[in-house]
Amino acid sequence: MLELSRITAGYDPRRPVVRGVSLTIGAGSAVGLLGPSGCGKSTLARVAALLHRPDSGTVVVDGDPVRGARHRATREQRTAFGVVFQQPRLAADPRMRLTDLIAEPLRATGRRDEAAGAVAALAGRVGLSAELLGRRPHEVSDGQLQRACLARALVLRPRWLICDEMTAMLDASTAAALVAVVEDYRAESGAGLLAVGHDRVLLDRWCDETVQWDELRLEKSPSGV
Amino acid sequence: MRGVRMRTGVSAAVTAAVVLAALAVPFAVPLDEQAVDLAAKLQAPTWAHPFGTDEVGRDLLLRSVYGLRVSLFVGVAAALAATVIGTAVGAAAGALGGWADRVLMRLVDLFSSVPHLLLGIFVVTMFRPGVWPVVASVVVTHWLSTARIVRAEVLSLRSRPYIDAAVSGGASRRRVTVRHLLPAVLPQAGLAAVLMVPHAIWHESALSFLGLGLPTHQASLGNMVQSARGSLLAGDWWPTLFPGLFIIVPTLAVAGLAGAWRERLNPRRRSELTL
């Protein structure tokens, strides 16, 4: 279970972007979060992935209350989440070849030996050829780079996936392929999913449940604004 | 565009010639820094002494080349050390944030608040005259701008999604800094180092000119310009002109190279220039 309760978060404590929002995702289930751009859904996704410390509110991951975000969360807590961002260009270190990009979480967590095997397996899964794996981010397309970013998010076999507008920059066939990869992984691992987006058709088909940003605030936080 | 390429080519050629001269000439022609020849004092340039001789009859061409060697050594050593310190402090401040950032940056402000030539003079006067105190004095006063540049770069990089991805992938603070942040700021830091070389050369000359840098018998461009002041008033121009040119030309050449590098790092600036 991923429980976000009464989260208030933002980049300036006087003007929070997210105010008193609560959201609960059951183990293994997939929730789509719909909202217009700029409403704060990406910030909420960052809070959920333990990448942003909320000004107030609590995050409980599988019964384990989280005391801080980023490096203040333990490595186990952080790596329980695989995160895929909207813009693969910004989410990839421009100096790393795709193969290193995908293997980086394994190396960072001291599992260097598994890197080669895991990269080969995941590359096949997301549809990246060996030749593409040797290239750097500026030498591949957005879609190819996003495939690598998804592989990186899956390489540590996270219990939760946070996809923040994962398919917004992609053409329809790549989007469908990546969603299929996520769903395959979830079916096999039982991981839960928070998919953030603004495309209702896609989220309705992809997720067990789709919630609208406005509903989230009114329903789940009766104390209101 | 052709002008830019031409400037880069000339700068590179001059820099290469200067470095080669500074490295090779002392092997070919040894210099006894204490030797004087009063019979040949203050001779205007001739074929035997193309730069003329100084007030105690020493050949100015040979002393200028030796002086250049000292200047280049001070310039490169000081620039490297200052860049390493500045990069370390800037990266630490930017990556750690919070109180560590505030403490480190107030330290930078503290050093910056003292006029840097004054601080440099203070440092050299604590030691016996020599090359290393001069290097130390330049380092102490010049790591500050690099620290600021690197910190600003790190701060702007730190909020990129790829850093988020690394944090989420379990990377420690140290790994994020060493593997993702530092490689991204190295080109900027390298450029700052190259830009610092000419500046450090000027500092060595200034300190020596003030009589605070290298021992007065040592062939250094600053010392030579300093001791030439008297003869300049008597109308003897060469002891000032040639060492002066040896200070100016190499620094312009290195600065030209650094400029070319900066334009490569920041292509938008280049297109603005050509438009």
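No experiment lies behind these values; they were computed from the predicted model shown.
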Engaged part of A166(B) at the chain A interface, taking heavy atoms whose separation is under 4.5 Å: neither
Which portion of R152(A) sits near chain B, non-hydrogen atoms under 4.5 angstrom: side chain
More than 12 heavy atoms of other groups within 6.0 Å of F122(B) CZ: no
Minimal non-hydrogen separation, A171(B) against A108(A), with atom names: CA-CB, 3.7 Å
Euclidean distance, Q77(A) CD relative to S168(B) OG, rounded to 0.5 Å: 12.5 Å
Contacting moiety of R173(B), where chain A heavy atoms sit under 4.5 Å: both
N/O donor-acceptor pair under 3.5 Å between R75(A) side chain and G170(B) backbone: yes
Heavy-atom side-chain proximity of E104(A) to H180(B) below 4.5 angstrom: yes
Ion pair check, D164(B) and R70(A), cut-off under 4.0 Å: yes
Residues, nucleotides or ligands: over 12 heavy atoms within 6.0 Å of R186(A) CZ: yes
Closest-packed option against chain B by number of heavy-atom pairs under 4.5 Å, given D164(A), L51(A), T79(A): L51(A)
Proximity breakdown for L90(A) and chain B, heavy-atom pairs closer than 4.5 Å: both
Minimum heavy-atom distance between R95(A) and A184(B), given as atom pair plus value: NH2-CB, 3.1 Å
R78(A) side-chain N/O to G169(B) backbone N/O, donor-acceptor pair under 3.5 Å: no
Euclidean distance, D93(A) CG relative to R179(B) CZ, rounded to 0.5 Å: 8.0 Å
